[in-house]
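The next block holds one structure in the form of structure tokens; read it before the comments.
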Protein chains: 4
Amino acid sequence: MWLRIDPRQAKPLYLQVVDGVKEAVAKEALKAGDRLPSVRELAATMTLNPNTVAKAYQELEREGVIEVIRGRGTFVAKPGARPHKEEQLNAMKEMMKQVWVEAQHLGLSTPDFLELIRAWTAEWDGAKGRESRGSSH
Amino acid sequence: MWLRIDPRQAKPLYLQVVDGVKEAVAKEALKAGDRLPSVRELAATMTLNPNTVAKAYQELEREGVIEVIRGRGTFVAKPGARPHKEEQLNAMKEMMKQVWVEAQHLGLSTPDFLELIRAWTAEWDGAKGRESRGSSH
Amino acid sequence: MWLRIDPRQAKPLYLQVVDGVKEAVAKEALKAGDRLPSVRELAATMTLNPNTVAKAYQELEREGVIEVIRGRGTFVAKPGARPHKEEQLNAMKEMMKQVWVEAQHLGLSTPDFLELIRAWTAEWDGAKGRESRGSSH
Amino acid sequence: MWLRIDPRQAKPLYLQVVDGVKEAVAKEALKAGDRLPSVRELAATMTLNPNTVAKAYQELEREGVIEVIRGRGTFVAKPGARPHKEEQLNAMKEMMKQVWVEAQHLGLSTPDFLELIRAWTAEWDGAKGRESRGSSH
DNA sequence: GTGGTCTAGACCACT
DNA sequence: GTGGTCTAGACCACC
């Protein structure tokens, strides 16, 4: 399964679902057109409240990651046509700044920092397609 | 002032203070040994409740960013001797993964992604010392 | 009840809660997976302010003694995987040194001192499981 | 010098002085009849406020560790004749219980725990007389 | 003056 | 229902 939920984490459950789906798509464990489990199915297999899953799906749809077709199911959307590009770039920069601040406090030099990121992205890129059983977290 | 608080953001106020101080230290707008405003002062200038500031300062002390000297005030700690290095590296990787996932969804290629980060870090590194005004957030 | 709070003691109330819970876990009056009273419940039964209990619970979570599951409650964590082992051993040694200093001032010989500790630990070990009533404080 | 003060520690400065003197006496770096520095001297060499040192000396006198002879100075008291024996034994047991609780949380077995204490006391006993330049803390 | 603790009471997000 | 955050205002120990 391309999703792992841990109720002990501080991150809200619905957000874990959102980020988990997005990660699966990024790692190509889920591809455009793939069908997602129904709200009820996912809730059952992950032992979540259906409301929690529904909220996650709503958020994913709002971000343009998935498409809900009434009566047919839920599908991974085609890339492109993502709304809010501007917003998301800003959010990304903000998150990136936080990462950078942490790196400074850990005493990482800029070259070491960039090299670390290069290695990590290589790892994640390498995981593409290979069913997303990821080393991290 | 090296701190900007926005009560409309979703991020809790005390966390904005924590991250703001850490960013100021990373950008060297605050240096080891510098005295921070007292809890009451900062609360007044930022129009926050003193308890909110106190909570932020306690968190910063736990992370080893600042040192509290009873009855005398709060000071930026010397770098090095930061506890929890392992955990913080893991947290950093987790955050970085999220950034990477977002980048994938924005359709950024890995080289473009790395170049973007390189440019951002150059910008932040360049801000060091220059009293941290501008560009961010 | 496995907790006794005395507002006349010098020790802060929230710390009494923290230490009380840790003692209950050590004496196995609380076991891994057991649910703790909710913040409001404990506050009511102990006639404390909910904020005080919340602060204690947060500290216990930071120390890895309990786990908070959002919207569901608070539970005793599994042992092992306790963070900060090193620091805690140092803190233990420091406290132990204080005990030893006191013993010297009371004129206890080292063998007498060790025998006293042996007896006390036997007493506390013996209390395990037996619902933690008695002897203490 | 048999005293080390660190204003960054959470422990109040006057208590650091109290405990430092008691430790020096326990380790026989200070012996009965030895003259202590005057309040002003100690305050100057330790860069403390004289009020802080005075408070510490008062507490030490209350506990029967030192004797102040007006016009002559302050001296380490003879052992025996310590007041509050009962109290102090209780306090010791309470502190010891805390140490034991921490040990339980670190997963130490009772024999390991006792052995650890035996080793530590041997170390401190061994330091007696040798000018108290101690490994710990 | 400093930070630390505590109470009271409110609002919110999450499940 | 749960815990998390925030405000307001008080008291205290320490320096």
Side-chain angles (χ1 to χ4, degrees), chain A residues 5 7-17 43 46-56, chain B residues 5 7 9-17 35-43 46-61 66-75, chain C residues 5 7 9-17 35-43 46-61 66-75, chain D residues 5 7 9-17 43 46-56 59:
Chain A
I5 298 296
R8 281 167 310 209
Q9 267 193 275
K11 194 193 278 194
L13 294 180
Y14 87 94
L15 257 188
Q16 291 186 43
V17 175
M46 294 282 116
T47 56
L48 294 171
N49 188 306
N51 291 328
T52 304
V53 179
K55 186 171 181 182
Chain B
I5 298 297
Q9 264 193 278
K11 193 193 282 193
L13 298 178
Y14 85 95
L15 256 190
Q16 292 186 41
V17 175
R35 191 177 184 283
L36 290 170
S38 79
V39 169
R40 292 156 163 83
E41 272 172 4
L42 192 56
M46 295 284 119
T47 55
L48 296 172
N49 186 290
N51 286 331
T52 304
V53 178
K55 186 173 181 181
Y57 276 20
Q58 281 173 5
E59 174 64 18
L60 284 164
E61 189 182 19
I66 65 176
E67 285 173 335
V68 174
I69 302 188
R70 323 230 348 169
R72 302 232 278 113
T74 306
F75 302 83
Chain C
I5 298 297
Q9 264 193 276
K11 193 193 280 193
L13 297 178
Y14 86 94
L15 257 189
Q16 293 185 40
V17 175
R35 191 178 184 283
L36 289 169
S38 78
V39 168
R40 291 154 164 83
E41 271 172 4
L42 192 57
M46 294 284 119
T47 54
L48 295 171
N49 187 289
N51 286 331
T52 304
V53 178
K55 185 174 182 182
Y57 276 20
Q58 282 174 4
E59 174 64 20
L60 284 163
E61 190 183 19
I66 66 176
E67 284 174 335
V68 174
I69 303 187
R70 322 226 353 163
R72 300 233 278 114
T74 307
F75 302 83
Chain D
I5 299 297
Q9 267 194 276
K11 193 192 281 194
L13 294 181
Y14 87 94
L15 256 189
Q16 292 187 42
V17 175
M46 293 283 116
T47 56
L48 294 171
N49 187 306
N51 291 329
T52 304
V53 179
K55 186 170 180 181
E59 173 65 14

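So you know, we letter chains A, B, ... as the sequences are listed, proteins then strands, and number each from 1.
- For the pair D/Gln9 CD and E/dG4 P, the computed distance is 15 Å after rounding to whole Å.
- With rounding to whole Å, B/Ile66 atom CD1 is found 15 Å from E/dT2 atom P.
- OP1 or OP2 of F/dG3 has at least one side-chain nitrogen or oxygen of C/Thr74 nearer than 4.0 Å.
- In summary, of the residues considered (B/Val53, B/Leu42, B/Val68, B/Thr74), a side-chain contact (heavy atoms from CB on, under 4.5 Å) with B/Leu36 occurs for B/Thr74 alone.
- Between the side chain of D/Gln16 and the main chain of D/Leu13, no donor-acceptor pair closer than 3.5 Å is present.
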Inset, instruction - Given side chain to side chain contact (heavy atoms under 4.5 Å, CB included), test C/Ile69 with C/Phe75 step by step and report yes or no. - result: CA-CA 8 Å; C/Ile69 303 187; C/Phe75 302 83; 4.2 Å; yes
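- For C/Glu67 (side chain) and C/Glu61 (main-chain N/O), no donor-acceptor pair under 3.5 Å exists by modelled atom type.
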Inset, instruction - Starting at the 5' end of nucleotides 6-15 of chain F, put B wherever the base has a protein heavy atom under 4.0 Å, S where only the sugar-phosphate does, and a dash everywhere else. - result: BBBB----SS
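- Here the side chains of A/Val17 and A/Ile5 are in contact, with some heavy-atom distance below 4.5 Å.
- Whole-Å rounding puts the B/Glu59 CD to E/dG4 C1' distance at 16 Å.
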Legend entry - Per-nucleotide pairing state of DNA chain F [Watson-Crick or G-U, under 3.5 Å; [ ] pseudoknot-crossing; | other strand]: ||||||||||||||.
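- Side-chain nitrogen and oxygen atoms of C/Gln58 include at least one within less than 4.0 Å of the OP1 or OP2 phosphate oxygen of F/dG4.
- Taking B/Glu59 as the reference, B/Arg62 meet the side-chain hydrogen bond (donor to acceptor under 3.5 Å, both in side chains) condition, with sequence neighbours excluded.
- Contact record, A/Tyr14 with A/Ala56: O-CB, 3.5 Å, taken as the closest heavy-atom pair.
- The side-chain heavy atoms of C/Lys55 and C/Thr52, taken from C-beta on, include no pair separated by under 4.5 Å.
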